[in-house]
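Okay, so here's the structure we're looking at.
No hydrogens, no waters, no symmetry mates; every other heavy atom, side chains included, goes into these values.
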Amino acid sequence: MNKKNLSESDLCDKFIRPAMEQAGWNGLDQIYREYPLRAGRVVVRGSKAQRDKSTVLRADYALFFKANIPLAVVEAKDNQHAVGAGMAQAINYAQLLDVPFSFSSNGDGFVFRDATLASGVLEQNLTLDEFPSPAELWSRYCAWKGWSPEVRQIAEIDYAPSKTPRYYQLNAINRSVEAIAGGQNRVLLVMATGTGKTYTAFQIIWRLWKSKAKKRILFLADRNILIDQTMVNDFRPFKGAMAKLSPNAKGVERIDALGGVTAEDVTLAVNKTTKLVDKSYEIYLSLYQAVSGVEEERNIYKQFSPDFFDLIVVDECHRGSADEDSAWREILAYFASATQVGLTATPKETREISNSDYFGAPLYTYSLKQGIEDGYLAPYKVVRVDLDKDTFGWRPTAGMLDKHGHAIEDRIYNAADMNKKLVLEKRDETVARKITEYLKATDRYAKTIVFCEDIDHAARMRQALSNANADLCATQPKYVVQITGDNPEGKRELDNFIDPEKTYPVIATTSRLMSTGVDAQTCKLIVLDQNIKSMTLFKQIIGRGTRLREDLGKTWFTILDFKRATELFADKDFDGEPVQIYEPLPGEPVAPPEEPLGTAGQAGDPLNSEDPNGPFGPQDPLGPLGPFGPGDAGEPKKYVVGGTVSVAVARERVQYLNAQGKLITESLRDYTRINLGKHYDSLDQFLQAWNTAERKAALLQELEGQGVLLDALADELGQAGLDLDPFDLLLHVAYNQPPLTRRERASRVKKRNVFTQYGPVARKVMDALLDKYADEGIVTIENDDVLKVQPFNQMGSASELIKSFGGRPQYLSALHTLGRELYAAAAVAVA
């Protein structure tokens, strides 16, 4: 058998896999062929999105000691390559899987890279018979880790039987279990919203619980819905050993919305009458607020001894638990002897408050940017709308009174003042109108969250959006709802909003209640009309849209930004590693001073909480009396100006992520011009590349891979852009050339009558191809299946039509001539 003639797949089947199996690797649960690593980045092009196949990563083989405990990666090449040709890829894949062993093979043998240096050699050549066994690699791995027999025993515990974890989840779970088994008592995991923090926590708990390394566990979160979702979804295998630690049944009645699960599926650990805790369970889930508070009788956690729990997992730990003097932090201090794991998408790092000061440096980080690049999170496009009064400012006329008869302070009010110091009712109408315009142009029923300045603003925006959508709201009043902490009716609609199967509500107006922990899987539009200065809050808000649900048609989302909040994307810390900056000076108290209200505005700070279950009850930044505070002699906290002051759009621009995942800051036209200039020195060079391309579709695919957003350009030009061939689109946008529509190009070719050498059937096919080009473009007529669709299938079979040209080579030649003729006039005109 000549290996040189075998494909890579054949070499794998005939030589590489047998060599591994001969060494003792089990083909059922240790050898994984085409192991998926990266799903492939989803790229938004205009109003469409598709996966970039060039970014899909699969290891030819991933070798596991046992299920979900990876050890090595094997990269195969055909026998035309050297035995070590795949090593660079293997090393890359091994780094993603967090393993030290890499192999490359061409079927003749292996190059083995051992980063543990167990043999004192980094890389060596092996024959097919010398492939190491699972026991040998596991022994080297454990020695490299420096594990004691006790740690090794815990590390070998199986995962819970459930869905297959992604590579980064494997890393987070395995590292955490290893660190805790090794005696580390504080662990911080930073994982972007939508990447499976709760599933990761479940597997960590499961393995530690099954090994009996941790026997009694407390899982803390700060939303009832988070606890309920967790109990009936990811934590369901704990049923029987698990209970909800709550003094009442609040929230349990909401479970019916979660996949048909009933309230009986949630066991309460607290007697409703006596308020005594049943301590017979092993795993407890609780709200921070349900077990602690200013009243001593609410401190249910004190019914447990300080050493009762072995493990505490703190979900969304960027919230109140990061603050040393918060009521929530008391729980962690009380159970200080327990191992504590913090989970967050946005570690809270200010000079006053720090997650890493408490938990230590992150053990593992998986960022929003990485999630989008890997294809596990939805990308976004940004529509920035600048309003005239925000951009250029507004100054009241001398002696002007607001709607309530208060004299408006004479100064210039700008974007930072809107809805904080000044309410322009016409501004609400303008924002509502733009939101409605976007939904009407895309999907009227796309789930939308509007983030407002405060509860008062959210209420006004609900009304403005209801009026803007009066045609729907007249019969469907829940098309728009206000979901804020002071609004129990709206809060009851939260489950319906996040349920993919429920149509209503479509639009939710909120302030901070929905900024974190709300699993809005199908949310397609995030509206920012809030002054956001906190990176923590910004990341949390953006995270409401990043979940990817291709099965439900959710592959990307839009950020409609009225406050230039998306300028934070350019901040170096937007997706950077968390930095420890908690620096109390000598003599200063360890407990930092409380952060002033409204300066950072992080979601979940007790003073900004909108959750009535919060430690201090519902907090409306306006106070209980709305815009007029008590005892201030009627001096308003906000001036309210009615319809006398108009508000208009000053400018509007759509921005996309480029091929490198960066938000395009220049105009789309300038970006295209710059991008093409990097690949073609001149217009002549571009024309030459176009005219010599065997298939224009291949060239267009290459351009899109380089970041040329053809669909987006067409959208920006409107109907005119949709009628243009990509060739004319690029000539017009990048090189300022006058464009021809596809129909004009087709008509010019027909008038030149260039296909007279063909018979009547072939000429009829060519005319139909020109019509098809005029309707759908060059990519359609280059497709091999074009002759199988109308109108061609009515002329005869595809093989019969090809025969009319004399055969397939002659048909392809005619198609090439057609392409040359379509673009010949353009080349002459430009010259």
Side-chain angles (χ1 to χ4, degrees), residues 95-98 165-180 184-205 219-222 226 230 234 311-323 328-329 332 339-350 353-374 376-377 515-519 534-547 568-569 571-582 600 602-605 661:
Q95 288 176 331
L96 286 176
L97 271 178
D98 212 13
R166 297 166 179 167
Y167 82 87
Y168 62 85
Q169 293 169 338
L170 279 177
N171 294 342
I173 295 162
N174 291 341
R175 285 193 193 184
S176 298
V177 170
E178 293 162 14
I180 294 168
Q184 186 170 327
N185 282 324
R186 298 291 182 269
V187 171
L188 179 62
L189 296 178
V190 178
M191 298 173 66
T193 299
T195 57
K197 291 193 298 296
T198 308
Y199 169 77
T200 300
F202 162 68
Q203 290 290 1
I204 292 169
I205 295 170
F219 180 87
L220 289 171
D222 69 338
L226 288 180
T230 299
D234 287 323
L311 175 66
I312 298 178
V313 177
V314 187
D315 195 21
E316 304 291 356
C317 70
H318 64 279
R319 292 171 68 92
S321 54
D323 189 347
W328 300 353
R329 182 77 163 260
L332 306 185
T339 298
Q340 297 177 7
V341 178
L343 306 173
T344 183
T346 52
K348 194 170 189 177
E349 301 292 336
T350 71
I353 296 173
S354 173
N355 283 121
S356 55
D357 179 63
Y358 182 81
F359 288 103
L363 186 66
Y364 189 75
T365 298
Y366 189 72
S367 68
L368 169 63
K369 179 181 179 182
Q370 190 62 59
I372 292 175
E373 287 180 353
D374 286 350
Y376 294 122
L377 292 179
S515 65
T516 184
V518 175
D519 189 12
S534 160
M535 188 61 72
T536 299
L537 178 56
F538 180 66
K539 285 186 179 182
Q540 287 291 341
I541 286 175
I542 298 307
R544 298 314 103 209
T546 53
R547 293 188 186 274
L568 286 169
F569 282 129
D571 192 303
K572 63 180 177 61
D573 293 327
F574 171 62
D575 233 2
E577 294 289 328
V579 178
Q580 171 57 280
I581 54 174
Y582 178 62
Q602 281 93 339
D605 290 345

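- A side-chain donor-acceptor contact under 3.5 Å links Gln169 to the backbone of Arg166.
- Looking at residues two or more places apart in sequence or on another chain, you find a ring pair (Phe, Tyr, Trp, His ring centres under 6.0 Å) between Tyr168 and Tyr366, Tyr376.
- When the salt bridge (Lys or Arg N to Asp or Glu O under 4.0 Å) test is applied to Arg175, the partners found at least two apart in sequence or on another chain are Asp98.
- For the residue pair Ala192 and Ser367, the shortest heavy atom distance occurs at CB-C, 3.7 Å.
- With a 4.5 Å cut-off on side-chain heavy atoms, Arg547 and Thr193 count as touching.
- Scanning all heavy atoms of the two residues, the minimum distance from Ala172 to Tyr364 falls at CB-CD2, 3.8 Å.
- Note: Met191 CE to Thr344 OG1 = 11.5 Å, rounded to the nearest 0.5 Å.
- In this structure, the separation between OG1 on Thr200 and CD1 on Ile205 is 11.0 Å, given to the nearest 0.5 Å.
- Taking NZ of Lys369 as the start and CG of Leu377 as the end, the distance is 14.0 Å to the nearest 0.5 Å.
- Checking Leu332, Leu343, Leu188 one by one against Val314, the side chain to side chain contact (heavy atoms under 4.5 Å, CB included) holds for a single residue, Leu332.
- Side-chain contact of Asn174 with Glu178: a donor-acceptor pair under 3.5 Å is absent, judged by distance alone.
- Here CG of Leu96 is found 7.5 Å from CD of Gln370. Values are rounded to the nearest 0.5 Å.
- The distance from atom CG of Leu311 to atom CD1 of Ile204, rounded to the nearest 0.5 Å, is 8.5 Å.
- Not counting sequence neighbours, the partners of Phe219 by the ring pair (Phe, Tyr, Trp, His ring centres under 6.0 Å) test are Phe235.
- A heavy-atom distance below 4.5 Å is found between the side chains of Pro165 and Tyr199.
- Summarising the geometry of Ala345 relative to Val190, their closest heavy-atom pair is O-CG1, 4.0 Å, with the distance given to 0.1 Å.
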TODO: Verify side-chain contact (heavy atoms from CB on, under 4.5 Å) between Leu368 and Ile542, making sure each step is shown before the conclusion.
DONE: CA-CA 9 Å; Leu368 169 63; Ile542 298 307; 4.3 Å; yes
Task: Audit row: Lys197, Leu189, side-chain contact (heavy atoms from CB on, under 4.5 Å) steps and yes/no - done: CA-CA 8 Å; Lys197 291 193 298 296; Leu189 296 178; over 6 Å; no
